[in-house]
2 protein chains.
Amino acid sequence: MTQKDDFQLQGFLPYLLNQAAEESSLAFQRIYKDRYGMLRTEWRVLFHLGIYGTLSAKEIGERTKMHKTKISRAVAKLEERRLLTRQRDEADRRLEYLTLTAAGQAAYVDLRSVAKEYDAGLAEQFSPEDIAKLRQMLRHLARMT
Amino acid sequence: MTQKDDFQLQGFLPYLLNQAAEESSLAFQRIYKDRYGMLRTEWRVLFHLGIYGTLSAKEIGERTKMHKTKISRAVAKLEERRLLTRQRDEADRRLEYLTLTAAGQAAYVDLRSVAKEYDAGLAEQFSPEDIAKLRQMLRHLARMT
DNA sequence: TCTTGTTAGTTACAAAATCAACCGTTAACA
DNA sequence: TGTTAACGGTTGATTTTGTAACTAACAAGA
């Protein structure tokens, strides 16, 4: 209970970033979980395919920095639920191209609109300049510059 | 591969925050893991006790927003490694007060100095005003205002 | 051709997180 | 009191993640 030293955990960036990330993901998580039974890994894959169209698992890995086993499992789940299909590349048979089905597209479009609204709700708590600055700094910290 | 729509995942705050949090925790994680075999839950408990002195598990939960089972298991591990001790509250026998041992204090002091340096390394990538603003916004998003 | 190495992706097993049920203790109140 | 609910904390079962080893396919050089 007693203050023992002056280190501020609330100022430590990795901690602060984690808390902010967790808190800010909570309500959105509930939506994709309740509505589609998805995990974080799964909506990420879904969004990448929704945004970029057909991609291989490898390309998704490069873009998300998720480990390949996570992607493999997320893809398997999404395929099982008929939200995406795979197509083997005949020129290089190690590769599989992943594409959303109509149902997958629909799920993506739905969740995308939720995400847009959700993001706007977060952003409106700050001035447009501050939010722009925040995004820029986060991209830099995430090495997504 | 084809651009299919204009939604920017790189602008979606929950995603961006997660990526930044993950990336910025990586090197620090390696240190507490390699040096003390700790998990994220464990260094968080250690830091809270190091900073605030004696706390109950419940108080740690309020401060960290970690689930009580996580705390229970982290505390058990830290006790097992003789980094903290428990003392039952005789007035309310449900409560246990947790305090770092000398070894726990030493681990805390060591990791705190690592954290300070680490944080400084992150912070110096931006101007002091920008970093202050970032911290403030993150605290707000984390509801730690 | 025949290694040897690398790559895309999967699988098996261990470690960790989550969730619900649980125990002992205290509080509320009929 | 006696009974019921709430609380602090733990445990066990299930789910999810992480780590390594694996398969199948391709590539490069001798």
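Values below: all heavy atoms of this structure, side chains included; hydrogens, waters and symmetry mates excluded. Chain naming here is simple, since letters A, B, ... match the order of the sequence lines and numbering starts at 1 in each.
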[X] side chain near [Y] side chain, heavy-atom distance below 4.5 Å:
X	Y	value
B:Leu13	A:Ser24	no
A:Asp5	B:Arg112	yes
A:Arg88	A:Leu95	no
B:His48	B:Leu55	yes

Base, sugar-phosphate, or nothing: which does [X] touch, judged by heavy atoms less than 4.0 Å apart?
X	answer
A:Arg88	nothing
B:Ile71	nothing
B:Ala74	nothing

Q) Of A:Asp92 and A:Thr69, whose closest DNA chain C nucleotide lies nearer the 5' terminus? A)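 In this pair, the answer is A:Asp92.
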Q) More 5' along DNA chain C: A:Ser72 or A:Lys33, using each one's nearest nucleotide? A)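 In this pair, the answer is A:Ser72.
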Q: Kindly say if B:Lys68 contacts the phosphate of D:dT10, meaning a side-chain N or O under 4.0 Å from OP1 or OP2.
A: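 Result: no.
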To the nearest Å, give me how far apart [atom1] ([X]) and [atom2] ([N]) are.
X	N	atom1	atom2	answer
B:Lys58	D:dT10	NZ	P	15 Å
A:Glu42	D:dT15	CD	P	14 Å
A:Gln29	D:dT15	CD	P	17 Å
B:Met66	D:dG8	CE	P	16 Å
B:Arg30	D:dG18	CZ	C1'	15 Å
B:Ile60	D:dG9	CD1	C1'	12 Å
A:Arg93	D:dT23	CZ	P	18 Å

(Q) If you assign A:His67 and B:Leu95 each to the DNA chain D nucleotide with the nearest heavy atom, which residue ends up on the more 5' nucleotide? (A)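 This one resolves to B:Leu95.
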(Q) Quick check: on DNA chain D, is the nucleotide nearest A:Lys77 upstream (toward 5') of the one nearest B:Val75, or the reverse? Name the residue that is more 5'. (A)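 That would be B:Val75.
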Q: Report yes or no: is there a donor-acceptor pair, N or O only, under 3.5 Å between the side chain of A:Arg73 and the base of D:dG18?
A: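 Indeed, a donor on one side and an acceptor on the other fall under 3.5 Å apart.
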Q | Nearest heavy atoms of A:Arg81 and A:Tyr36, plus distance in Å | A |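 For A:Arg81 and A:Tyr36, the tightest heavy-atom pair comes out as NH1-O, 3.5 Å.
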Q. Could you walk me through whether A:Tyr15 and B:Phe47 pass the ring pair (Phe, Tyr, Trp, His ring centres under 6.0 Å) check?
A. CA-CA 11 Å; A:Tyr15 182 74; B:Phe47 268 57; 8.8 Å; no
Q) Is the cationic atom of B:Arg63 (NZ for Lys, CZ for Arg) positioned less than 6.0 Å from the six-membered ring centroid of B:Tyr52 and within 45 degrees of its normal? A)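 Flagged: B:Arg63 positioned over aromatic ring of B:Tyr52.
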Q. How far does the helix from C:dT1-D:dA30 to C:dA30-D:dT1 bend, going by the axes of its first and last five pairs, to the nearest 10°?
A.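 Result, rounded to 10 degrees: 10°.
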(Q) Closest approach to the side chain of B:Glu96, judged atom by atom: which nucleotide of D:dA25, D:dT10, D:dC7 is it? (A)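 Of the candidates, D:dT10 comes closest.
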(Q) Given D:dT16, D:dG9, D:dC26, identify the nucleotide with an atom nearest to the side chain of A:Leu39. (A)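 Between D:dT16, D:dG9, D:dC26, the one nearest the side chain of A:Leu39 would be D:dT16.
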Q.
Reading DNA chain C from 5' to 3', where do the contacts with chain B start and stop? Cut-off is 4.0 Å to heavy atoms.
A.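 Here the contact window of chain B covers C:dA16 to C:dT26.
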Q.
Taking ring pair (Phe, Tyr, Trp, His ring centres under 6.0 Å) as the definition, give me every residue that meets it alongside A:Tyr32, ordered by chain and number, with sequence neighbours left out.
A.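 Per chain and number, A:Tyr32 pairs via ring pair (Phe, Tyr, Trp, His ring centres under 6.0 Å) with A:Phe28, A:Trp43.
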Q) Side chains of A:Thr99 and A:Thr54: donor-acceptor distance under 3.5 Å anywhere? A)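 Yes, A:Thr54 and A:Thr99 have a side-chain donor paired with an acceptor closer than 3.5 Å.
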(Q) Would you say that more than 12 heavy atoms from the other residues, nucleotides or ligands in this model lie under 6.0 Å from the CD of B:Glu117, or not? (A)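 Open.
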